[in-house]
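Here the structure is laid out as structure tokens; the discussion comes afterwards.
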Amino acid sequence: MKRRWWAALGVLVVAVAIAAAAIHKNRITPVAQWATADPILAPKQSQELTVGSAAQDRTQALQLPAGHLAGTDWYLPITRTSAVTYVLHDGQARWLAGASEDNLAGAPTNPVGFLIYSPNGQRLAWQDGGAIEMLSAPEFHRTLMAGASLPYFTPDSHFDYTTVFGSAILVHSPYPIRRLSGAANAGHHPFVFGGQDFVYDDGGRITMENLQTGIPSPVATVRPSRWPQMVDALSYGQTLAVMMRRPTALPAYLVIVKNPRGISWYRWQTGLKPQIGLSDQHLVINNLAPSGQLVVWGTRHLHPLPQSSGLFSQSPSGIIFQTSQGFIRLSAITP
């Protein structure tokens, strides 16, 4: 009997020791991090931005145009006589062009990144499956471009797009047709610097090709297994910004900014789809946090703005979004 008792006690002591060792191991073993030390493989010198001090902004209240949709929660003014209003939760959309209006049947349910406008306010375009649909005012004539994708209007309202030919991507613009590898991955807005350049990702090599000369130039190199999707791109002044995405359970995003000073970047995880936009020649990002807080890109830091937004529109005059007091435009930013 005593032998059985001592044997049972020995088994218990061993079990407790194993459990204690496991607990101790878990305490001293660091939790696996989702982020590597540096997501930029090239160039070697790059700068990670951190969230810093707050920035100030000025806003301008906007009035919706006559004829807008009741319940409008996304507003895009293009010119004084051309504007688009959306009711996002049920996919209603309306284009007000002069004295005419069109309810945009077949327009994308989510216009952010997908609805493209000409600067003169006379045309809208969007991706419709494997085609581009274009609508022209004032008659609202519809054109379907089968096999075309990635619509873009240049500052003088010339229409650019891409097609697929065999294993290649063809870029159509006022310049000679450029041929890219079929493996190239472009975001919503790959035409940058007024349509003079086209930015794309090919196996982690982010490249910008000049459409006038056909000469490619490297932007940055990332790990393709970690950042397989290019989401968006925009340019301002001498600066190019590119947003990459990792489609995990909780998606991760990486924004890379290149200018004559070098490369800077910021990455984060969020379940909310972020946007990058321009206001007063400043790069603005939303949804870095669940609050929807807007931040502006600085030289060493991201500077939070005193505004939060849901989805915003990128108008010719800046970023516009709805608040409890109505629609506002970011009119000036002071980092």
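- When the salt bridge (Lys or Arg N to Asp or Glu O under 4.0 Å) test is applied to E133, the partners found at least two apart in sequence or on another chain are R142.
- Counting non-hydrogen atoms of neighbouring residues, nucleotides and ligands closer than 6.0 angstrom, the CZ atom of R223 exceeds 12 such neighbours.
- Judged by distance alone, the side chain of R178 and the main-chain N or O of L211 form a donor-acceptor pair under 3.5 Å.
- A donor-acceptor pair shorter than 3.5 Å can be found between the side chains of H301 and T50.
- Across all their heavy atoms, N110 and F114 have their closest contact at O-CD1, 3.2 Å.
- With rounding to the nearest 0.5 Å, the separation of CZ in R226 from CZ in R245 is 16.0 Å.
- Scanning for ring-ring contact (aromatic ring centres under 6.0 Å, His included) contacts around F140 gives W95, with sequence neighbours left out.
- When hydrophobic clusters are built by joining Ile, Leu, Val, Met, Phe, Trp and Tyr residues whose side-chain heavy atoms come closer than 4.5 Å, directly or via intermediates, L288 is grouped together with I276.
- Listed here is the closest heavy atom pair of G292 and N287: CA-OD1, 3.4 Å.
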Given side-chain contact (heavy atoms from CB on, under 4.5 Å), test F153 with D160 step by step and report yes or no.
-> CA-CA 6 Å; F153 290 101; D160 296 354; over 6 Å; no

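- For the atom pair OH of Y253 and NZ of K273, the computed distance is 7.5 Å after rounding to the nearest 0.5 Å.
- Checking S291 against S308 by side-chain atom types alone, no donor-acceptor pair falls below 3.5 Å.
- For the residue pair D232 and H188, no side-chain donor N or O sits within less than 3.5 Å of a side-chain acceptor on the partner.
- Defined by atom type and a distance below 3.5 Å, a donor-acceptor pair is missing between the side-chain atoms of W74 and S313.
- Without hydrogens or angle criteria, S309 side chain to F312 main chain gives no donor-acceptor distance under 3.5 Å.
- Of all heavy-atom pairs spanning A241 and L283, the tightest one is CB-CD2, 4.0 Å.
- By the 4.5 Å heavy-atom criterion applied to side chains, L124 and L104 are counted as neighbours.
- What you find for A184 and Y200 is that their closest heavy atoms are CB-CD1, 3.7 Å.
- R267 places no side-chain N or O within donor-acceptor distance of the main-chain N or O of I256, the cut-off being under 3.5 Å.
- Distance check: H68 NE2 to F327 CZ gives 9.0 Å after rounding to the nearest 0.5 Å.
- Looking at D280 and D57, their side chains never come closer than 4.5 Å, going by heavy atoms from C-beta outward.
- A donor-acceptor pair under 3.5 Å links the side-chain atoms of D38 to the main chain of I40, judged by distance alone.
- In this structure the side chain of R179 reaches within 4.5 angstrom of the side chain of F165, judged on heavy atoms.
- In this structure, the side chain of K258 does not engage the main chain of S264 through any donor-acceptor pair within 3.5 Å.
- No donor-acceptor pair closer than 3.5 Å links the side chain of T85 to the backbone N or O of T72.
- A donor-acceptor pair is defined here as one N or O able to donate and one able to accept, closer than 3.5 Å; such a pair exists between the side chain of D201 and the backbone of G204.
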Report the C-alpha distance between N286 and L272 in whole Å, list the side-chain angles of each, state the deciding distance to 0.1 Å, and finish with yes or no for side-chain contact (heavy atoms from CB on, under 4.5 Å).
-> CA-CA 9 Å; N286 75 346; L272 303 173; over 6 Å; no

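- Note that the NE2 atom of H158 and the NE2 atom of H172 stand 11.5 Å from one another [nearest 0.5 Å].
- Contact annotation: the side chain of V51 approaches that of P304 to within less than 4.5 Å [non-hydrogen atoms, C-beta and beyond].
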Carefully, step by step, assess T239 and V257 under the rule side-chain contact (heavy atoms from CB on, under 4.5 Å).
-> CA-CA 7 Å; T239 300; V257 170; 3.5 Å; yes

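- Between Y86 and L115, the closest side-chain pair of non-hydrogen atoms falls below 4.5 Å.
- In this view, S315 and L76, P77, S317, I320 satisfy the side chain to side chain contact (heavy atoms under 4.5 Å, CB included) rule, not counting sequence neighbours.
- To the nearest 0.5 angstrom, S149 atom OG is 7.5 Å from I169 atom CD1.
- Rounded to the nearest 0.5 Å, atoms CG (L302) and CG (L294) are 12.0 Å apart.
- At least one donor-acceptor pair under 3.5 Å links the side chain of N210 to the backbone N or O of T213.
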Go through F191 and Y152 one step at a time and tell me if the ring-ring contact (aromatic ring centres under 6.0 Å, His included) criterion holds.
-> CA-CA 7 Å; F191 292 93; Y152 172 77; 5.2 Å; yes

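- Nearest heavy atoms, L88 versus T109: CD2-O, 4.1 Å.
- T81 places no side-chain N or O within donor-acceptor distance of the main-chain N or O of G98, the cut-off being under 3.5 Å.
- Side-chain N/O atoms of D90 and Q92 include a donor and acceptor closer than 3.5 Å.
- Two residues are said to be in side-chain contact when any heavy atoms from C-beta on lie closer than 4.5 Å; R58 and I333 fail this criterion.
- A heavy-atom distance below 4.5 Å is found between the side chains of L240 and V219.
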Audit row: M208, F193, side-chain contact (heavy atoms from CB on, under 4.5 Å) steps and yes/no = CA-CA 10 Å; M208 185 173 69; F193 294 110; 3.6 Å; yes

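- In terms of modelled atom types and a separation under 3.5 Å, the side chain of T59 and the main chain of I328 share no donor-acceptor contact.
- Shortest non-hydrogen contact noted between A107 and W126 is CA-CE2, 3.7 Å.
- By the 4.5 Å heavy-atom criterion applied to side chains, W265 and V255 are not counted as neighbours.
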